[in-house]
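The structure appears right after this line, and notes come after that.
Note that the structure is a prediction, hence the values are computed from the model and not measured. Numbered from 1 within each chain, the chains take letters A, B, ... in sequence-line order.
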Amino acid sequence: MTERKVRVRFAPSPTGALHIGGVRTALYNYLFAKKHGGDFILRIEDTDQGRFVPGAEEYIIESLKWVGIEPNEGIGFGEGPFAPYRQSDRKPMYKKYVDQLINDGYAYYAFDTAEELDAMRDRLKASNVDSKYDAITRTTMINSLTLPEDETKRRLENGDAYVVRIKLPRKEEVKFHDEIRGWVTVNTSTMDDKVLFKSDGMPTYHMANIVDDYSMQITHVIRGEEWLPSAPLHVLLYRYLGWENVMPKFAHLPLLLKPDGNGKLSKRDGDKLGFPVFPLEWKDPNSGEISSGYKQSGYLPEAVVNLLAFLGWNPGTHQELFTKEELAEAFTLERVSKHGAKFDQNKAKWYNQQYIRKVDNSVLALELEKQLANYNIKAEKQYLEQVCALVKEKISFIKELWDYSNYFFVEPTVYDETVIKKRWNEKSPLVINDLIELLRNVSNFDHTNIEAAYNQALERNEVANKDFLQMFRVCLSGVAGGPPIFEMAALFGKESTITRLENALNRIK
RNA sequence: GGCCCGUUCGUCUAUCGGUUAGGACAAAUGGUUUUCAUCCAUUAAAGAGGGGUUCGACUCCCCUACGGGCUACCA
(Lines give C-alpha, C1' and ligand atoms only; values in the text may rest on other atoms or scores of the structure.)
Protein backbone atom coordinates (compact mmCIF):
# COMPACT_ATOMS: atom_id res chain seq x y z
CA MET A 1 0.00 0.00 0.00
CA THR A 2 1.31 3.43 -0.86
CA GLU A 3 1.70 6.08 1.80
CA ARG A 4 -1.66 7.64 2.25
CA LYS A 5 -2.65 10.48 4.48
CA VAL A 6 -4.10 9.08 7.66
CA ARG A 7 -7.87 9.37 7.68
CA VAL A 8 -9.98 7.86 10.44
CA ARG A 9 -13.64 8.08 11.22
CA PHE A 10 -16.04 7.82 14.07
CA ALA A 11 -19.28 6.38 12.78
CA PRO A 12 -22.05 6.16 15.37
CA SER A 13 -25.70 5.39 14.73
CA PRO A 14 -28.20 7.95 15.87
CA THR A 15 -30.17 5.44 17.92
CA GLY A 16 -29.96 7.29 21.21
CA ALA A 17 -27.45 9.08 23.34
CA LEU A 18 -23.83 8.39 22.60
CA HIS A 19 -22.47 6.48 25.54
CA ILE A 20 -19.14 6.96 27.17
CA GLY A 21 -17.61 3.95 25.46
CA GLY A 22 -18.48 5.57 22.16
CA VAL A 23 -16.82 8.74 23.31
CA ARG A 24 -13.69 6.75 24.05
CA THR A 25 -13.76 5.23 20.57
CA ALA A 26 -14.09 8.72 19.13
CA LEU A 27 -11.24 9.90 21.34
CA TYR A 28 -8.87 7.15 20.21
CA ASN A 29 -9.67 7.95 16.61
CA TYR A 30 -9.08 11.62 17.28
CA LEU A 31 -5.78 11.00 19.04
CA PHE A 32 -4.61 8.70 16.29
CA ALA A 33 -5.43 11.28 13.64
CA LYS A 34 -3.70 14.08 15.54
CA LYS A 35 -0.66 11.94 16.17
CA HIS A 36 -0.24 11.32 12.45
CA GLY A 37 -1.33 14.69 11.20
CA GLY A 38 -4.36 13.08 9.64
CA ASP A 39 -8.07 13.72 9.35
CA PHE A 40 -10.78 12.70 11.77
CA ILE A 41 -14.22 12.30 10.27
CA LEU A 42 -17.68 12.05 11.77
CA ARG A 43 -20.03 9.91 9.74
CA ILE A 44 -23.57 9.17 10.77
CA GLU A 45 -24.63 5.58 10.14
CA ASP A 46 -28.36 5.75 9.94
CA THR A 47 -29.14 2.88 7.60
CA ASP A 48 -31.67 1.49 10.05
CA GLN A 49 -34.61 3.78 9.62
CA GLY A 50 -36.58 1.91 12.24
CA ARG A 51 -34.19 2.74 15.01
CA PHE A 52 -33.75 6.41 14.28
CA VAL A 53 -34.13 8.51 17.42
CA PRO A 54 -34.83 12.20 17.01
CA GLY A 55 -32.21 14.40 18.57
CA ALA A 56 -29.59 11.68 18.71
CA GLU A 57 -27.50 13.13 15.92
CA GLU A 58 -27.46 16.56 17.51
CA TYR A 59 -26.61 14.93 20.79
CA ILE A 60 -23.58 13.21 19.27
CA ILE A 61 -22.35 16.47 17.82
CA GLU A 62 -22.85 18.38 21.06
CA SER A 63 -21.10 15.67 23.02
CA LEU A 64 -18.04 15.70 20.83
CA LYS A 65 -17.93 19.46 21.09
CA TRP A 66 -18.16 19.35 24.86
CA VAL A 67 -15.29 16.91 25.33
CA GLY A 68 -13.33 18.82 22.75
CA ILE A 69 -12.70 16.06 20.27
CA GLU A 70 -13.93 17.79 17.19
CA PRO A 71 -13.80 16.12 13.81
CA ASN A 72 -12.37 18.20 11.01
CA GLU A 73 -14.84 16.78 8.55
CA GLY A 74 -18.37 15.54 8.80
CA ILE A 75 -21.87 16.14 10.04
CA GLY A 76 -22.02 19.20 12.24
CA PHE A 77 -18.38 20.08 11.70
CA GLY A 78 -18.29 21.51 8.22
CA GLU A 79 -18.84 19.09 5.42
CA GLY A 80 -15.64 18.33 3.61
CA PRO A 81 -14.79 17.07 0.14
CA PHE A 82 -16.41 13.70 0.74
CA ALA A 83 -19.90 14.92 1.53
CA PRO A 84 -22.48 13.83 2.30
CA TYR A 85 -21.52 12.25 5.60
CA ARG A 86 -24.86 10.79 6.56
CA GLN A 87 -25.53 7.36 5.12
CA SER A 88 -29.19 8.03 4.43
CA ASP A 89 -28.02 10.91 2.24
CA ARG A 90 -25.62 8.59 0.46
CA LYS A 91 -28.30 6.05 -0.36
CA PRO A 92 -27.95 6.30 -4.16
CA MET A 93 -24.26 5.45 -4.00
CA TYR A 94 -24.55 1.92 -2.68
CA LYS A 95 -26.70 0.18 -5.27
CA LYS A 96 -23.98 0.40 -7.88
CA TYR A 97 -21.55 -1.61 -5.82
CA VAL A 98 -24.18 -4.11 -4.81
CA ASP A 99 -24.90 -4.69 -8.49
CA GLN A 100 -21.21 -5.03 -9.15
CA LEU A 101 -20.99 -7.80 -6.57
CA ILE A 102 -23.98 -9.59 -8.08
CA ASN A 103 -22.55 -9.33 -11.59
CA ASP A 104 -19.23 -10.67 -10.43
CA GLY A 105 -20.89 -13.60 -8.71
CA TYR A 106 -20.13 -12.52 -5.18
CA ALA A 107 -23.69 -11.79 -4.14
CA TYR A 108 -27.20 -12.90 -5.01
CA TYR A 109 -30.84 -11.97 -4.65
CA ALA A 110 -32.88 -13.65 -1.94
CA PHE A 111 -36.67 -13.58 -1.80
CA ASP A 112 -37.32 -15.46 1.43
CA THR A 113 -39.90 -13.96 3.72
CA ALA A 114 -39.32 -13.45 7.42
CA GLU A 115 -41.54 -16.46 8.08
CA GLU A 116 -39.57 -18.65 5.75
CA LEU A 117 -36.34 -17.61 7.40
CA ASP A 118 -37.75 -18.37 10.81
CA ALA A 119 -38.94 -21.74 9.63
CA MET A 120 -35.52 -22.57 8.29
CA ARG A 121 -33.86 -21.55 11.55
CA ASP A 122 -36.32 -23.53 13.64
CA ARG A 123 -35.89 -26.58 11.49
CA LEU A 124 -32.11 -26.44 11.69
CA LYS A 125 -32.10 -25.70 15.37
CA ALA A 126 -34.32 -28.70 15.98
CA SER A 127 -31.80 -30.95 14.31
CA ASN A 128 -29.00 -29.34 16.29
CA VAL A 129 -27.37 -27.70 13.33
CA ASP A 130 -26.11 -24.15 13.13
CA SER A 131 -29.07 -22.20 11.85
CA LYS A 132 -27.50 -19.89 9.38
CA TYR A 133 -28.06 -18.87 5.82
CA ASP A 134 -24.89 -20.23 4.28
CA ALA A 135 -23.36 -22.16 1.41
CA ILE A 136 -25.37 -25.21 2.38
CA THR A 137 -28.73 -23.85 3.45
CA ARG A 138 -29.00 -21.33 0.65
CA THR A 139 -29.62 -24.23 -1.73
CA THR A 140 -32.89 -24.89 0.08
CA MET A 141 -34.05 -21.30 0.08
CA ILE A 142 -35.67 -19.00 -2.43
CA ASN A 143 -32.96 -17.01 -4.15
CA SER A 144 -31.39 -16.27 -7.49
CA LEU A 145 -29.13 -19.27 -7.01
CA THR A 146 -32.00 -21.74 -6.71
CA LEU A 147 -34.59 -20.07 -8.90
CA PRO A 148 -34.51 -20.33 -12.69
CA GLU A 149 -32.97 -17.24 -14.22
CA ASP A 150 -36.20 -16.07 -15.82
CA GLU A 151 -38.10 -16.51 -12.56
CA THR A 152 -35.60 -14.28 -10.73
CA LYS A 153 -35.94 -11.76 -13.50
CA ARG A 154 -39.72 -11.94 -13.35
CA ARG A 155 -39.76 -11.38 -9.60
CA LEU A 156 -37.44 -8.42 -9.84
CA GLU A 157 -39.44 -6.85 -12.62
CA ASN A 158 -42.60 -7.54 -10.72
CA GLY A 159 -41.20 -5.53 -7.82
CA ASP A 160 -41.15 -8.45 -5.40
CA ALA A 161 -39.38 -7.74 -2.14
CA TYR A 162 -35.81 -8.98 -2.09
CA VAL A 163 -32.56 -8.62 -0.25
CA VAL A 164 -29.06 -9.08 -1.57
CA ARG A 165 -26.82 -11.50 0.27
CA ILE A 166 -23.11 -12.04 -0.01
CA LYS A 167 -22.18 -15.40 -1.47
CA LEU A 168 -19.54 -16.79 0.81
CA PRO A 169 -17.31 -19.66 -0.23
CA ARG A 170 -18.13 -22.89 1.52
CA LYS A 171 -14.80 -23.30 3.24
CA GLU A 172 -12.09 -20.73 3.10
CA GLU A 173 -9.75 -19.21 5.64
CA VAL A 174 -10.01 -15.47 5.97
CA LYS A 175 -7.00 -13.97 7.64
CA PHE A 176 -6.47 -10.37 8.55
CA HIS A 177 -4.19 -8.36 10.75
CA ASP A 178 -5.58 -6.38 13.63
CA GLU A 179 -3.34 -3.59 14.89
CA ILE A 180 -4.19 -4.44 18.47
CA ARG A 181 -4.72 -8.18 18.41
CA GLY A 182 -2.41 -9.41 15.72
CA TRP A 183 -3.48 -11.99 13.16
CA VAL A 184 -7.04 -13.22 13.32
CA THR A 185 -8.22 -16.16 11.28
CA VAL A 186 -11.80 -17.18 10.62
CA ASN A 187 -13.16 -19.85 8.33
CA THR A 188 -16.05 -18.92 6.07
CA SER A 189 -17.72 -22.18 7.09
CA THR A 190 -18.56 -20.52 10.39
CA MET A 191 -19.89 -17.38 8.78
CA ASP A 192 -23.19 -16.75 7.04
CA ASP A 193 -24.40 -15.07 3.88
CA LYS A 194 -25.01 -11.70 5.45
CA VAL A 195 -27.57 -9.38 3.98
CA LEU A 196 -25.85 -6.50 2.21
CA PHE A 197 -28.85 -4.75 0.82
CA LYS A 198 -32.20 -4.62 2.55
CA SER A 199 -35.63 -4.83 1.04
CA ASP A 200 -36.24 -1.19 1.93
CA GLY A 201 -33.52 -0.18 -0.52
CA MET A 202 -30.97 0.66 2.15
CA PRO A 203 -27.65 -1.09 2.50
CA THR A 204 -26.87 -2.82 5.77
CA TYR A 205 -24.10 -1.61 8.00
CA HIS A 206 -21.62 -4.00 6.43
CA MET A 207 -22.14 -2.78 2.89
CA ALA A 208 -22.46 0.91 3.67
CA ASN A 209 -19.46 0.79 5.91
CA ILE A 210 -17.17 -0.65 3.28
CA VAL A 211 -18.38 1.59 0.49
CA ASP A 212 -18.07 4.68 2.66
CA ASP A 213 -14.69 3.86 4.11
CA TYR A 214 -13.45 3.18 0.62
CA SER A 215 -14.88 6.31 -0.94
CA MET A 216 -13.87 8.50 1.98
CA GLN A 217 -10.35 7.12 1.74
CA ILE A 218 -10.26 5.89 5.28
CA THR A 219 -6.88 4.40 6.17
CA HIS A 220 -7.55 3.03 9.65
CA VAL A 221 -10.73 1.62 11.09
CA ILE A 222 -10.58 2.02 14.85
CA ARG A 223 -13.76 0.67 16.40
CA GLY A 224 -15.11 -1.39 19.28
CA GLU A 225 -14.43 -5.06 19.70
CA GLU A 226 -18.06 -5.90 18.99
CA TRP A 227 -17.09 -5.54 15.33
CA LEU A 228 -14.33 -8.09 15.41
CA PRO A 229 -16.57 -11.01 14.38
CA SER A 230 -17.75 -9.20 11.29
CA ALA A 231 -14.32 -7.97 10.26
CA PRO A 232 -13.68 -11.08 8.10
CA LEU A 233 -16.85 -10.28 6.20
CA HIS A 234 -15.59 -6.77 5.63
CA VAL A 235 -12.23 -8.05 4.44
CA LEU A 236 -14.02 -10.28 1.95
CA LEU A 237 -16.09 -7.36 0.72
CA TYR A 238 -12.96 -5.31 0.05
CA ARG A 239 -11.58 -8.24 -1.85
CA TYR A 240 -14.70 -8.88 -3.88
CA LEU A 241 -15.06 -5.22 -4.75
CA GLY A 242 -11.46 -5.11 -5.89
CA TRP A 243 -10.36 -2.68 -3.19
CA GLU A 244 -8.02 -4.86 -1.23
CA ASN A 245 -5.03 -2.68 -2.07
CA VAL A 246 -6.61 0.28 -0.27
CA MET A 247 -8.25 -1.67 2.49
CA PRO A 248 -7.91 0.22 5.78
CA LYS A 249 -6.02 -1.28 8.68
CA PHE A 250 -8.21 -2.56 11.45
CA ALA A 251 -7.92 -1.93 15.17
CA HIS A 252 -10.58 -3.39 17.45
CA LEU A 253 -10.71 -1.70 20.81
CA PRO A 254 -11.44 -3.57 24.04
CA LEU A 255 -14.87 -2.84 25.45
CA LEU A 256 -15.79 -0.75 28.44
CA LEU A 257 -17.37 -3.08 30.99
CA LYS A 258 -19.78 -2.49 33.82
CA PRO A 259 -18.07 -2.13 37.21
CA ASP A 260 -19.84 -5.20 38.55
CA GLY A 261 -18.15 -7.22 35.87
CA ASN A 262 -21.20 -8.37 34.01
CA GLY A 263 -21.28 -7.36 30.41
CA LYS A 264 -20.38 -4.30 28.45
CA LEU A 265 -21.43 -0.84 29.37
CA SER A 266 -24.52 0.04 27.42
CA LYS A 267 -26.82 2.90 26.73
CA ARG A 268 -29.52 1.28 28.74
CA ASP A 269 -27.45 1.37 31.88
CA GLY A 270 -28.39 5.00 32.24
CA ASP A 271 -27.94 5.99 35.85
CA LYS A 272 -28.42 2.52 37.26
CA LEU A 273 -24.73 2.11 37.90
CA GLY A 274 -24.39 5.18 40.07
CA PHE A 275 -22.39 7.15 37.56
CA PRO A 276 -23.28 8.72 34.25
CA VAL A 277 -22.84 6.67 31.10
CA PHE A 278 -23.55 9.64 28.88
CA PRO A 279 -21.39 12.69 28.29
CA LEU A 280 -24.38 15.03 28.40
CA GLU A 281 -27.71 14.77 30.09
CA TRP A 282 -30.10 12.89 27.85
CA LYS A 283 -33.84 12.75 27.77
CA ASP A 284 -35.15 9.74 25.97
CA PRO A 285 -37.77 11.06 23.56
CA ASN A 286 -39.80 7.86 23.79
CA SER A 287 -39.82 7.07 27.47
CA GLY A 288 -39.17 10.59 28.68
CA GLU A 289 -36.57 9.13 31.01
CA ILE A 290 -33.74 11.47 31.89
CA SER A 291 -30.21 10.20 32.28
CA SER A 292 -27.49 12.28 33.83
CA GLY A 293 -24.41 13.38 31.94
CA TYR A 294 -20.79 13.90 32.85
CA LYS A 295 -21.17 17.57 32.19
CA GLN A 296 -24.15 18.01 34.47
CA SER A 297 -22.56 15.83 37.11
CA GLY A 298 -19.74 18.30 37.40
CA TYR A 299 -17.01 16.66 35.38
CA LEU A 300 -14.54 18.74 33.45
CA PRO A 301 -14.13 17.73 29.81
CA GLU A 302 -10.35 17.65 30.21
CA ALA A 303 -10.74 15.14 33.03
CA VAL A 304 -13.14 13.00 31.00
CA VAL A 305 -10.69 12.91 28.12
CA ASN A 306 -7.83 11.96 30.41
CA LEU A 307 -9.68 9.25 32.29
CA LEU A 308 -11.18 7.80 29.15
CA ALA A 309 -7.81 7.67 27.46
CA PHE A 310 -6.49 5.57 30.33
CA LEU A 311 -9.33 3.08 30.18
CA GLY A 312 -7.67 0.69 27.79
CA TRP A 313 -4.49 2.54 27.01
CA ASN A 314 -1.43 3.71 28.89
CA PRO A 315 1.80 5.39 27.89
CA GLY A 316 4.06 2.85 29.59
CA THR A 317 5.39 5.52 31.93
CA HIS A 318 4.17 6.60 35.34
CA GLN A 319 2.64 9.81 34.07
CA GLU A 320 -1.13 9.80 34.51
CA LEU A 321 -2.11 13.39 33.94
CA PHE A 322 -2.14 14.26 30.28
CA THR A 323 -3.48 17.13 28.28
CA LYS A 324 -5.20 16.29 25.03
CA GLU A 325 -2.12 17.43 23.17
CA GLU A 326 0.17 15.26 25.27
CA LEU A 327 -2.15 12.32 24.70
CA ALA A 328 -2.05 12.84 20.96
CA GLU A 329 1.71 12.91 21.13
CA ALA A 330 1.99 9.74 23.21
CA PHE A 331 -0.82 7.69 21.74
CA THR A 332 -0.13 4.49 19.84
CA LEU A 333 -2.46 1.62 18.97
CA GLU A 334 0.33 -0.68 20.05
CA ARG A 335 -0.20 0.31 23.66
CA VAL A 336 -3.95 -0.23 23.65
CA SER A 337 -4.77 -3.18 25.87
CA LYS A 338 -6.53 -6.27 24.59
CA HIS A 339 -9.00 -6.89 27.35
CA GLY A 340 -12.10 -5.05 28.48
CA ALA A 341 -11.85 -2.45 31.22
CA LYS A 342 -14.28 -1.93 34.04
CA PHE A 343 -15.19 1.64 34.62
CA ASP A 344 -13.81 2.85 37.94
CA GLN A 345 -15.77 5.62 39.58
CA ASN A 346 -13.12 6.36 42.16
CA LYS A 347 -10.45 6.86 39.57
CA ALA A 348 -12.79 9.05 37.59
CA LYS A 349 -13.42 11.17 40.65
CA TRP A 350 -9.73 11.44 41.33
CA TYR A 351 -9.06 12.61 37.81
CA ASN A 352 -11.72 15.24 38.09
CA GLN A 353 -10.27 16.46 41.38
CA GLN A 354 -6.88 16.85 39.81
CA TYR A 355 -8.31 18.94 37.02
CA ILE A 356 -10.47 21.08 39.23
CA ARG A 357 -7.39 22.15 41.13
CA LYS A 358 -5.81 23.30 37.93
CA VAL A 359 -8.77 25.42 36.92
CA ASP A 360 -8.33 29.13 37.38
CA ASN A 361 -10.38 30.69 40.18
CA SER A 362 -11.95 33.11 37.75
CA VAL A 363 -13.31 30.18 35.73
CA LEU A 364 -14.64 28.44 38.82
CA ALA A 365 -16.19 31.74 39.88
CA LEU A 366 -18.21 31.74 36.69
CA GLU A 367 -19.51 28.26 37.47
CA LEU A 368 -20.33 29.24 41.03
CA GLU A 369 -22.14 32.29 39.74
CA LYS A 370 -24.39 30.01 37.67
CA GLN A 371 -25.15 27.84 40.67
CA LEU A 372 -25.92 30.89 42.80
CA ALA A 373 -28.40 32.05 40.20
CA ASN A 374 -30.52 29.02 41.10
CA TYR A 375 -30.98 30.57 44.51
CA ASN A 376 -31.28 34.11 43.22
CA ILE A 377 -28.01 35.03 44.82
CA LYS A 378 -25.71 37.54 43.26
CA ALA A 379 -22.18 38.26 44.36
CA GLU A 380 -19.23 40.29 43.24
CA LYS A 381 -16.76 38.64 40.99
CA GLN A 382 -13.83 39.24 43.27
CA TYR A 383 -15.66 37.75 46.23
CA LEU A 384 -16.62 34.70 44.17
CA GLU A 385 -13.04 34.15 43.17
CA GLN A 386 -11.86 34.38 46.75
CA VAL A 387 -14.50 31.87 47.83
CA CYS A 388 -13.45 29.51 45.05
CA ALA A 389 -9.83 29.81 46.06
CA LEU A 390 -10.75 28.67 49.56
CA VAL A 391 -13.00 25.75 48.64
CA LYS A 392 -11.55 24.51 45.37
CA GLU A 393 -9.39 21.78 46.80
CA LYS A 394 -12.22 20.36 48.82
CA ILE A 395 -14.45 19.55 45.90
CA SER A 396 -14.34 16.72 43.39
CA PHE A 397 -17.03 17.96 41.07
CA ILE A 398 -17.93 21.39 39.81
CA LYS A 399 -21.48 21.04 41.01
CA GLU A 400 -20.23 20.72 44.60
CA LEU A 401 -19.12 24.35 44.56
CA TRP A 402 -22.41 25.47 46.06
CA ASP A 403 -22.51 22.66 48.62
CA TYR A 404 -19.16 23.66 50.01
CA SER A 405 -19.56 27.39 49.81
CA ASN A 406 -23.20 28.22 50.44
CA TYR A 407 -22.50 29.75 53.88
CA PHE A 408 -20.37 32.38 52.22
CA PHE A 409 -23.56 33.74 50.74
CA VAL A 410 -26.23 32.77 53.24
CA GLU A 411 -25.68 33.21 56.94
CA PRO A 412 -26.38 29.97 58.78
CA THR A 413 -29.58 29.32 60.70
CA VAL A 414 -28.84 25.79 61.80
CA TYR A 415 -25.68 24.61 63.50
CA ASP A 416 -23.87 21.30 63.49
CA GLU A 417 -25.41 19.43 66.40
CA THR A 418 -22.54 17.12 67.14
CA VAL A 419 -20.13 19.99 67.64
CA ILE A 420 -22.57 21.98 69.73
CA LYS A 421 -23.40 19.07 71.95
CA LYS A 422 -19.75 18.42 72.53
CA ARG A 423 -18.41 21.94 72.87
CA TRP A 424 -21.13 24.33 73.92
CA ASN A 425 -21.10 25.12 77.63
CA GLU A 426 -21.84 27.97 80.04
CA LYS A 427 -18.63 29.73 79.06
CA SER A 428 -19.41 29.79 75.38
CA PRO A 429 -21.70 32.84 75.43
CA LEU A 430 -19.11 34.74 77.44
CA VAL A 431 -16.36 34.03 74.95
CA ILE A 432 -18.55 34.95 72.04
CA ASN A 433 -19.61 38.19 73.63
CA ASP A 434 -16.01 39.10 74.30
CA LEU A 435 -15.07 38.13 70.82
CA ILE A 436 -17.77 40.30 69.32
CA GLU A 437 -16.57 43.23 71.32
CA LEU A 438 -12.94 42.66 70.40
CA LEU A 439 -13.71 42.19 66.73
CA ARG A 440 -15.63 45.48 66.65
CA ASN A 441 -12.37 47.21 67.49
CA VAL A 442 -10.35 45.50 64.79
CA SER A 443 -9.70 48.10 62.12
CA ASN A 444 -7.86 45.98 59.58
CA PHE A 445 -10.06 42.90 59.39
CA ASP A 446 -7.55 40.36 58.12
CA HIS A 447 -6.93 36.85 59.33
CA THR A 448 -3.98 37.70 61.62
CA ASN A 449 -5.90 40.39 63.46
CA ILE A 450 -8.96 38.17 63.75
CA GLU A 451 -6.85 35.41 65.17
CA ALA A 452 -5.29 37.83 67.68
CA ALA A 453 -8.74 38.96 68.84
CA TYR A 454 -9.84 35.37 69.06
CA ASN A 455 -6.88 34.42 71.23
CA GLN A 456 -7.51 37.38 73.46
CA ALA A 457 -11.11 36.34 73.98
CA LEU A 458 -9.99 32.86 74.94
CA GLU A 459 -7.46 34.16 77.39
CA ARG A 460 -9.92 36.43 79.12
CA ASN A 461 -12.21 33.48 79.75
CA GLU A 462 -9.53 30.93 80.33
CA VAL A 463 -10.79 28.67 77.59
CA ALA A 464 -8.48 26.33 75.69
CA ASN A 465 -8.23 26.75 71.94
CA LYS A 466 -9.09 23.12 71.18
CA ASP A 467 -12.26 23.42 73.21
CA PHE A 468 -13.52 26.35 71.26
CA LEU A 469 -12.08 26.59 67.77
CA GLN A 470 -14.52 24.32 66.09
CA MET A 471 -17.35 25.93 68.01
CA PHE A 472 -16.22 29.20 66.51
CA ARG A 473 -16.34 27.69 63.07
CA VAL A 474 -19.82 26.32 63.55
CA CYS A 475 -21.08 29.68 64.82
CA LEU A 476 -19.77 31.32 61.66
CA SER A 477 -20.64 28.74 59.02
CA GLY A 478 -23.00 26.29 60.66
CA VAL A 479 -20.93 23.31 59.56
CA ALA A 480 -18.06 21.42 61.13
CA GLY A 481 -15.62 21.44 58.25
CA GLY A 482 -14.29 24.02 55.88
CA PRO A 483 -11.38 26.22 54.94
CA PRO A 484 -8.99 27.82 57.47
CA ILE A 485 -11.25 29.61 59.95
CA PHE A 486 -9.61 32.99 60.18
CA GLU A 487 -9.26 33.34 56.44
CA MET A 488 -12.88 32.39 56.14
CA ALA A 489 -13.89 35.04 58.65
CA ALA A 490 -11.77 37.62 56.92
CA LEU A 491 -13.65 36.92 53.72
CA PHE A 492 -17.02 37.21 55.47
CA GLY A 493 -15.94 40.66 56.56
CA LYS A 494 -16.27 42.37 59.89
CA GLU A 495 -19.94 43.13 59.73
CA SER A 496 -21.06 39.68 58.65
CA THR A 497 -18.73 37.93 61.08
CA ILE A 498 -20.19 39.86 63.98
CA THR A 499 -23.76 39.30 62.82
CA ARG A 500 -23.08 35.61 62.51
CA LEU A 501 -21.74 35.48 66.06
CA GLU A 502 -24.74 37.41 67.38
CA ASN A 503 -27.12 35.11 65.57
CA ALA A 504 -25.38 32.06 66.93
CA LEU A 505 -25.61 33.47 70.42
CA ASN A 506 -29.36 33.88 70.06
CA ARG A 507 -30.04 30.57 68.42
CA ILE A 508 -27.81 28.12 70.21
CA LYS A 509 -28.69 27.26 73.73
C1' G B 1 -24.94 -24.33 21.38
C1' G B 2 -21.28 -22.42 17.50
C1' C B 3 -17.41 -18.92 16.26
C1' C B 4 -13.98 -15.07 17.70
C1' C B 5 -11.28 -12.31 21.46
C1' G B 6 -9.39 -12.13 26.21
C1' U B 7 -7.33 -13.62 31.62
C1' U B 8 -1.14 -9.74 36.51
C1' C B 9 -3.13 -6.66 43.39
C1' G B 10 -10.55 -5.07 44.76
C1' U B 11 -10.04 -1.56 40.04
C1' C B 12 -6.96 0.66 35.77
C1' U B 13 -2.38 -1.12 34.41
C1' A B 14 3.69 -1.77 33.80
C1' U B 15 6.63 -6.04 32.50
C1' C B 16 7.67 -7.54 25.62
C1' G B 17 12.36 -15.23 28.84
C1' G B 18 16.29 -13.88 33.94
C1' U B 19 12.81 -7.96 38.37
C1' U B 20 12.56 -8.17 45.89
C1' A B 21 6.54 -8.48 39.69
C1' G B 22 6.53 -1.57 39.45
C1' G B 23 2.85 2.61 39.49
C1' A B 24 -2.01 4.87 40.18
C1' C B 25 -7.12 4.68 42.35
C1' A B 26 -9.57 2.50 46.39
C1' A B 27 -8.47 0.40 51.54
C1' A B 28 -5.85 0.39 56.35
C1' U B 29 -2.41 2.85 59.79
C1' G B 30 0.40 7.05 61.39
C1' G B 31 1.71 12.24 60.81
C1' U B 32 0.46 17.44 59.21
C1' U B 33 -3.97 20.61 59.16
C1' U B 34 -6.16 21.56 66.76
C1' U B 35 -11.92 20.44 61.85
C1' C B 36 -12.99 18.41 56.86
C1' A B 37 -10.36 18.22 52.37
C1' U B 38 -5.32 18.45 50.92
C1' C B 39 -0.42 16.85 51.73
C1' C B 40 3.43 13.33 53.59
C1' A B 41 4.87 8.45 55.33
C1' U B 42 3.85 3.38 55.99
C1' U B 43 1.12 -1.25 55.34
C1' A B 44 -1.76 -4.85 53.02
C1' A B 45 -2.86 -6.52 48.04
C1' A B 46 -1.68 -10.06 41.86
C1' G B 47 0.61 -13.68 37.55
C1' A B 48 -6.90 -18.64 36.83
C1' G B 49 -5.52 -24.15 36.92
C1' G B 50 -2.81 -28.09 34.52
C1' G B 51 0.65 -29.69 31.02
C1' G B 52 4.74 -28.68 27.82
C1' U B 53 9.23 -25.74 25.38
C1' U B 54 13.67 -23.79 27.94
C1' C B 55 19.49 -23.63 31.88
C1' G B 56 15.39 -20.31 33.24
C1' A B 57 8.80 -18.65 32.31
C1' C B 58 3.82 -13.71 34.14
C1' U B 59 6.05 -13.51 29.36
C1' C B 60 6.22 -18.78 24.03
C1' C B 61 2.86 -23.43 22.79
C1' C B 62 -1.34 -26.80 24.14
C1' C B 63 -5.56 -28.17 27.21
C1' U B 64 -9.16 -26.84 30.87
C1' A B 65 -11.72 -23.18 33.56
C1' C B 66 -13.54 -18.44 33.69
C1' G B 67 -14.83 -13.60 31.45
C1' G B 68 -16.36 -10.83 27.18
C1' G B 69 -18.17 -10.18 22.20
C1' C B 70 -20.79 -11.90 17.97
C1' U B 71 -24.33 -15.27 16.18
C1' A B 72 -30.99 -9.97 12.75
C1' C B 73 -33.50 -7.33 6.26
C1' C B 74 -29.54 -3.56 14.35
C1' A B 75 -25.50 -1.01 14.19
Which of A14(B), C73(B), G23(B) is nearest the side chain of Val163(A)? It is C73(B)
Checking Phe275(A), Trp282(A), Phe278(A), Tyr299(A) against Tyr294(A) for ring-ring contact (aromatic ring centres under 6.0 Å, His included), the one that qualifies is Tyr299(A)
The nucleotide from C3(B), C73(B), U38(B) with an atom nearest the side chain of Val195(A) is C73(B)
Scanning all shown strands, the Watson-Crick or wobble mate of C39(B) with both distances under 3.5 Å is G31(B)
Under a 3.5 Å limit on both distances, the Watson-Crick or wobble mate of C55(B) is G18(B)
Passes ring-ring contact (aromatic ring centres under 6.0 Å, His included), Phe492(A) versus Phe408(A)? Steps please. CA-CA 7 Å; Phe492(A) 288 155; Phe408(A) 282 96; 5.2 Å; yes
Per atom distances to the Arg181(A) side chain, the nearest of C4(B), G23(B), G6(B) is G6(B)
Picking from C12(B), U13(B), G69(B), the nucleotide nearest the side-chain atoms of Pro229(A) would be G69(B)
May I ask you to check if Arg24(A) and Tyr28(A) form a cation-pi contact, with NZ or CZ under 6.0 angstrom from the six-membered ring centre and within 45° of the axis? yes
| said: Using OP1 and OP2 only, check whether a side-chain N or O of Arg335(A) sits under 4.0 Å from U15(B). | reply: yes
Whole-Å distance, Glu226(A) CD to G6(B) P, equals 16 Å
Taking C73(B), C25(B), C36(B) as options, the one with an atom nearest any side-chain atom of Lys394(A) is C36(B)
Checklist entry - Is there a side-chain polar atom (N or O) of Arg357(A) under 4.0 Å from OP1 or OP2 of C39(B)? => result yes
From the candidates A24(B), U11(B), C4(B), the one with an atom nearest any side-chain atom of Trp350(A) is A24(B)
Give a yes/no on whether any side-chain N or O of Lys198(A) is located under 4.0 angstrom from OP1 or OP2 of C74(B).
yes
Across every strand shown, the nucleotide meeting Watson-Crick or G-U wobble geometry with G67(B) (both distances under 3.5 Å) is C5(B)
Scanning all shown strands, the Watson-Crick or wobble mate of A75(B) with both distances under 3.5 Å is none
Taking a pair to mean Watson-Crick or G-U wobble geometry with both distances below 3.5 Å, C25(B) pairs with G10(B)
Among the nucleotides G68(B), C73(B), C74(B), whichever has the atom closest to the side chain of Leu255(A) is G68(B)
| Is there a side-chain polar atom (N or O) of Thr204(A) under 4.0 Å from OP1 or OP2 of C73(B)? | no
* Asked: Phosphate oxygens OP1/OP2 of G69(B): is one of them under 4.0 Å from a side-chain N or O of His252(A)?
  -> no
Among U13(B), C12(B), C73(B), the one nearest any side-chain atom of Lys347(A) is C12(B)
message = Which label fits His234(A) and Trp227(A): parallel for a plane angle under 30°, tilted from 30 to 60°, or perpendicular past 60°?
response = tilted
Would you tell me if any nitrogen or oxygen in the side chain of Lys264(A) comes within less than 4.0 Å of OP1 or OP2 on C70(B)? yes
Against the six-membered ring of Tyr109(A), is Arg155(A) placed for a cation-pi contact (under 6.0 Å from the centre, within 45° of the normal)? no
Of the candidates A14(B), G69(B), C12(B), the side chain of Asn314(A) sits closest to A14(B)
